[in-house]
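What you see is a predicted model; the values in this text were computed from it and never measured.
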Amino acid sequence: QVHLVESGGASVQSGGSLRLSCTASGYKPGAVCMAWFRQAPGKEREGVAAINRDGNTVYADSVQGRFTLSRDNAKRTLTLQMNTLKPEDTAMYYCAEVGGCYLPNPSLHHSTYVYWGQGTQVTVSS
């Protein structure tokens, strides 16, 4: 079993920045893809950004150019740098992971991912 723990969520004003971190522990699958998802109240969970084992990244259109995803395979950490935050970025953010992932462009579909963290809340006020 993979255990994912997110941190870094906070309340910020519009235009501000936050850095979310996710640390994995436990079972270590091979060829891991990792991703951040978010879910606002009353809305479906949506993919924000994903990264494969080679560092190739995919971003949702809504965050492209504002968010940057990176990973440290040795430390099993995933970092989401969020800049120019908007009120519509307000949501619970979840880290997710799946092994055996050989996709050149990692997926932003939640059904792809097997392991999930508990989430960290991001609130952006106008």
Point to revise | Audit row: Tyr115, Gln1, side chain to side chain contact (heavy atoms under 4.5 Å, CB included) steps and yes/no | key: CA-CA 8 Å; Tyr115 305 106; Gln1 185 75 6; 4.0 Å; yes
Point to revise | Derivation of the side chain to side chain contact (heavy atoms under 4.5 Å, CB included) call for His109 and Phe37 | key: CA-CA 9 Å; His109 293 288; Phe37 288 78; 6.0 Å; no
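- Here Gln121 contributes atom CD and Glu6 contributes atom CD; the two are 12.0 Å apart, rounded to the nearest 0.5 Å.
- Atom-to-atom distance recorded for Ser70:OG and Leu80:CG is 8.5 Å, nearest 0.5 angstrom.
- Side-chain contact between Tyr93 and Val48 is present, with at least one heavy-atom pair separated by less than 4.5 Å.
- Taken from CG in Asp54 to CG in Leu103, the straight-line distance is 11.0 Å, to the nearest 0.5 Å.
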Exercise for review: Apply side chain to side chain contact (heavy atoms under 4.5 Å, CB included) to the pair Val2 and Arg76, showing each step before the final yes or no.
Suggested key: CA-CA 11 Å; Val2 175; Arg76 299 184 68 184; 4.1 Å; yes
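- Between Phe67 and Trp36, the gap from one ring centroid to the other reaches at least 6.0 Å.
- Expressed to the nearest 0.5 Å, how far CG of Leu85 lies from OG of Ser125 amounts to 10.5 Å.
- Between Asn83 and Ser17, the side chains place a donor N or O and an acceptor N or O closer than 3.5 Å (distance only, hydrogens not considered).
- Relative to the six-membered ring of Tyr94, Arg38 misses at least one condition, a distance below 6.0 Å or an angle of at most 45° to the axis.
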Check your understanding: So Thr77 and Arg71, side chain to side chain contact (heavy atoms under 4.5 Å, CB included) or not? Walk me through it.
Key -> CA-CA 6 Å; Thr77 58; Arg71 66 187 291 177; over 6 Å; no
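- Follow the hydrophobic side-chain contacts under 4.5 Å out from Val124 and you reach Met92 in the same cluster.
- In the hydrophobic cluster analysis, where Ile, Leu, Val, Met, Phe, Trp and Tyr join through side-chain heavy atoms closer than 4.5 angstrom, Leu78 is grouped together with Val114.
- Note: Thr123 OG1 to Gln13 CD = 12.5 Å, rounded to the nearest 0.5 Å.
- Separation of atoms NE2 (His110) and CD (Glu44) is listed at 7.0 Å; rounding is to 0.5 Å.
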Please table the atom pairs, donor to acceptor, closer than 3.5 Å between any side-chain atom in residues 18-33 and protein atoms at least two apart or in another chain.
residue : atom : partner : partner atom : Å
Arg19   : NE   : Gln81   : OE1          : 2.8
Arg19   : NH2  : Gln81   : OE1          : 3.1

